[in-house]
Each structure stands twice: as structure tokens, then as C-alpha cells.
Amino acid sequence: MAFACLMLAWMAPLLLYYIGKDGTVAIAFVGQGVLLFVEALFNAGRMPWLVKSFPPSIRLTSFSFAYNFSEAIFGGFTPAVATALTSKYGSTAPGYMITVLSVLALLGLWIAP
């Protein structure tokens, strides 16, 4: 998961820069495919890690609350924030947002038990 965080932090602005610069469908397809692969690396380790983080007696409630709360916050507000950042700073701004969130995820992995 840490490797995927570092890769997302490094690659997201770079790939979004090339997608915005070139603008072809092929570059967009390849860039999205690379980001999808790195995100899959992160999610492959996230689910077992979340299950292992909670004791069996409270696992269902804790896991569902943590997962759904984070998905609601970041999945719900990300399109609006990305649109605002893009209109103000350009097409690479969402990549920097992904970088910040990846660093926060890496920090969370580092301090988690």
C-alpha cells in the first residue's frame, strides 16, 4: 500500500499534465489505465488491512463505518473540488490533490497500528 501511495503521489500530476497537454484519446486511455493499475495496487491491500485492523466482535460496524465515511467524504466532494481546482489552476491541479491525499494516506499507514 505504501508503494501505491508513493506511485500515486508521483504519477498523478505527471500523467494529468500529459493528458491535458496532448489531449489525444490514446494518451488519456493510457494515463487512466496506469492510474487505475496503481489504484488497484492500493485497494488490493486496503481491504485485508481494514479487516485485520478491527477485532471480530466489532469488525462489521467499525469497518463499515470507516469505509463508508471515507468514501462519502472523498468520493462525494472530490468532483466538486477537482472542478474548482481545474478552473482556477489548470488541468494538473487534480493531480496535486491526489498527491496530497496520497501523502495523507501514507502518513495514516505510518501511524496506524
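Position 1 is the first residue of the sequence, and the numbers go up from there.
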Where do [X] and [Y] come nearest, in terms of heavy atoms and distance?
X	Y	answer
Ser87	Ala84	OG-O, 3.0 Å
Thr86	Ala93	N-CB, 4.3 Å
Met97	Ala82	CE-CB, 4.2 Å
Pro13	Leu8	CD-O, 4.3 Å
Leu15	Gly31	CD1-O, 3.8 Å
Ser91	Gly20	OG-CA, 3.8 Å

Open item on the list: Could you check whether any side-chain heavy atom of Leu106 comes within less than 4.5 Å of a side-chain heavy atom of Trp110, counting everything from C-beta outward?
Closed with: no
- [ ] Output yes when a side-chain donor or acceptor of Ser64 lies under 3.5 Å from a complementary backbone atom of Thr61, and no otherwise.
- [x] yes
Grouping I, L, V, M, F, W and Y whenever their side-chain heavy atoms are under 4.5 Å apart, do [X] and [Y] come out in a common cluster?
X	Y	result
Phe65	Val51	no
Phe54	Met47	yes
Ile98	Leu104	no
Val103	Leu6	no
Leu101	Val81	yes

Rounded distance (nearest 0.5 Å) linking atom [atom1] of [X] with atom [atom2] of [Y]:
X	Y	atom1	atom2	answer
Arg46	Leu109	CZ	CG	11.0 Å
Leu41	Met1	CG	CE	11.5 Å
Met7	Cys5	CE	SG	12.0 Å
Ile19	Ile27	CD1	CD1	8.0 Å
Gln32	Glu39	CD	CD	11.0 Å
Asn68	Ile73	CG	CD1	11.5 Å

Open item on the list: Does Phe42, at its CZ atom, have more than 12 non-hydrogen atoms belonging to other residues, nucleotides or ligands within less than 6.0 Å?
Closed with: yes
